[in-house]
Structure formats: structure tokens, C-alpha cells
Amino acid sequence: MPEQEVRALAFFSLVVAIVSLILVNRSFSASLLTALRRPNRTLAAVLAAVAAILALTLLWPFASKLFAFGPLHADDLALTLGAGMTVLVSLEMLKPVLRQRLRS
């Protein structure tokens, strides 16, 4: 893979992983679905801004050149989303273990 594509892939993966961390930390006592069902305008605004900025850096040639990002293909984007989902599911599965540990 060319260096510019690796840079873009790493950046997008990190941003998606950070969004996953935000979603996991939204509620430590409730499940992810319960936490997502609760209305939160700030979270919606942050997620919309992140999506817009990522789309901008990917699709606007000036921004891509500024960050020295190469083009990401559909399989690359699927890989970044998979990384974020892996972080999300792993941390959700750790919640019950950590909850018991914090009680004692």
C-alpha cells in the first residue's frame, strides 16, 4: 500500500475507534442499545461533525493533499469500520467484568 493510503487508513481507523470509545463510555451501567436510545443532541452533533469532517478530508482534494491522504477504497473503509466495531464490541463485553471489579 502506498504511504498516503496507509496514513489515511490509520487516521480514519483512529477516529472511528475514538467514536467507539465515546459510545462505550456513554453509560457504564447500561447496555449500548439503552445508551443509544436515550436522546442526546450533543452526541448527535458530535457524530455529525465527525462524519462531515471525515467525508471532507476524504472527498475534497485540497484537504486530502493538506493531510497527505491517499484515496481510500470501499474495502479500506470497511476495514476502518471493522476496527471501530471491534473496539466497541470488545469494550462492551468487558463492562460486566469491570463492573464486578469496581464493586469489590
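For clarity, every value in this text was computed on a predicted model and none was experimentally measured.
Partners of P2 under the side-chain contact (heavy atoms from CB on, under 4.5 Å) rule, at least two apart in sequence or in another chain, are Q4, E5.
Linking Ile, Leu, Val, Met, Phe, Trp and Tyr whenever their side-chain heavy atoms come within less than 4.5 Å leaves V16 and L72 in two separate clusters. Criterion: ILVMFWY side-chain heavy atoms under 4.5 Å apart, direct or through other members. Under it, L56 and L77 are not part of a common hydrophobic cluster. V46 and F12 fall within a single hydrophobic cluster, where Ile, Leu, Val, Met, Phe, Trp and Tyr side chains are chained together by heavy-atom contacts under 4.5 Å. Under the 4.5 Å side-chain contact rule for hydrophobic residues, M85 and I18 share a cluster. L21 and V15 fall within a single hydrophobic cluster, where Ile, Leu, Val, Met, Phe, Trp and Tyr side chains are chained together by heavy-atom contacts under 4.5 Å.
Atom CG of residue L47 and atom OG1 of residue T42 lie 10.5 Å apart, to the nearest 0.5 angstrom. The line from CD1 of I53 to CH2 of W60 is 12.0 Å long, rounded to the nearest 0.5 Å. The CD1 atom of I22 sits 11.5 Å away from the CG atom of L88 when rounded to the nearest 0.5 Å. The CG atom of L43 lies 6.0 Å from the CG atom of L23; values are rounded to the nearest 0.5 Å. A distance of 4.5 Å separates CZ of F69 from CZ of F11, quoted to the nearest 0.5 Å.
When every heavy atom of A8 is checked against every heavy atom of G70, the shortest pair comes out as CB-O, 3.8 Å. In plain terms, the two heavy atoms of R7 and A68 that are nearest each other are NH1-O, 2.8 Å. Counting all heavy atoms, side chain and backbone alike, G84 lies closest to S20 at O-OG, 2.8 Å.
Environment of CZ in R38: crowded, with over 12 heavy atoms of neighbouring residues, nucleotides or ligands closer than 6.0 Å. Environment of CE in M93: sparse, with no more than 12 heavy atoms of neighbouring residues, nucleotides or ligands closer than 6.0 Å.
Contact check for V50 versus L54: side-chain heavy atoms found under the 4.5 Å cut-off.
Panel note: side chain T57, backbone S64; no donor-acceptor pair is recorded below 3.5 Å.
For residues 81-94, the salt bridge (charged side-chain N to carboxylate O under 4.0 Å, His left out) pairs, not counting sequence neighbours, are E92-K95.
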